[in-house]
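Let me begin by presenting the structure, written as structure tokens, before commenting on it.
This is a predicted model, so every value here is computed, not measured.
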Amino acid sequence: MNSKIAKRVLEEANYIIKTKDTVRAISNIFKVSKSTVHKDLHERLLDLNHGLYLQVDEILKYHTDIRHIRGGESTRKKYEKLDTN
């Protein structure tokens, strides 16, 4: 694996552990696609650091478990914003 990619993967992993941000937020911060972040954290990280992978995987599973709630909040906020205009 390219050392630049390996460095990014480890930075993303440490960032998600520190902030508990979503894949979408991390993709905006690191200026890569959501697919790239997902592949970094699910495939590449497993090859680089198994212990870190387990910590990140737990956070990502939590995000999956609550995404139906988060999606509903986003829709509500969107329509509240439209109503005020």
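- Side-chain contact between H42 and Y53: present, with at least one pair of heavy atoms (C-beta onward) separated by less than 4.5 Å.
- Residues V32 and E12 have side chains in contact (heavy-atom distance under 4.5 Å, counting atoms from C-beta outward).
- Within the 4.5 Å cutoff, the side chain of H63 has no heavy atoms near those of the V23 side chain.
- Contact check for I29 versus D21: side-chain heavy atoms found under the 4.5 Å cut-off.
- Atom CG of L52 is separated from atom NE2 of H50 by 11.0 Å, given to the nearest 0.5 angstrom.
- Between R44 and R8, some side-chain heavy-atom pair lies under the 4.5 Å cut-off.
- Listed here is the closest heavy atom pair of I16 and V56: CG2-CG2, 3.7 Å.
- Atom NZ of K39 is surrounded by 12 or fewer heavy atoms from other residues, nucleotides or ligands within 6.0 Å.
- When all heavy atoms of N28 and K31 are compared, the pair lying nearest together is O-NZ, 3.2 Å.
- Considering CG of D40 and CD of E11, their distance stands at 11.0 Å, rounded to 0.5 Å.
- Counting heavy atoms from C-beta outward, L41 and L46 have side chains that stay 4.5 Å or more apart.
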* To do: Apply the test salt bridge (charged side-chain N to carboxylate O under 4.0 Å, His left out) to residues D57 and K61: give CA-CA distance (whole Å), side-chain angles for both, the deciding distance (0.1 Å), then the verdict.
  => CA-CA 6 Å; D57 190 50; K61 284 179 182 175; 3.2 Å; yes

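- Note that CD1 of I66 is 9.5 Å distant from OG1 of T22, once rounded to the nearest 0.5 Å.
- One hydrophobic cluster, built from ILVMFWY side chains closer than 4.5 Å, cannot hold both Y62 and L54; they sit in different ones.
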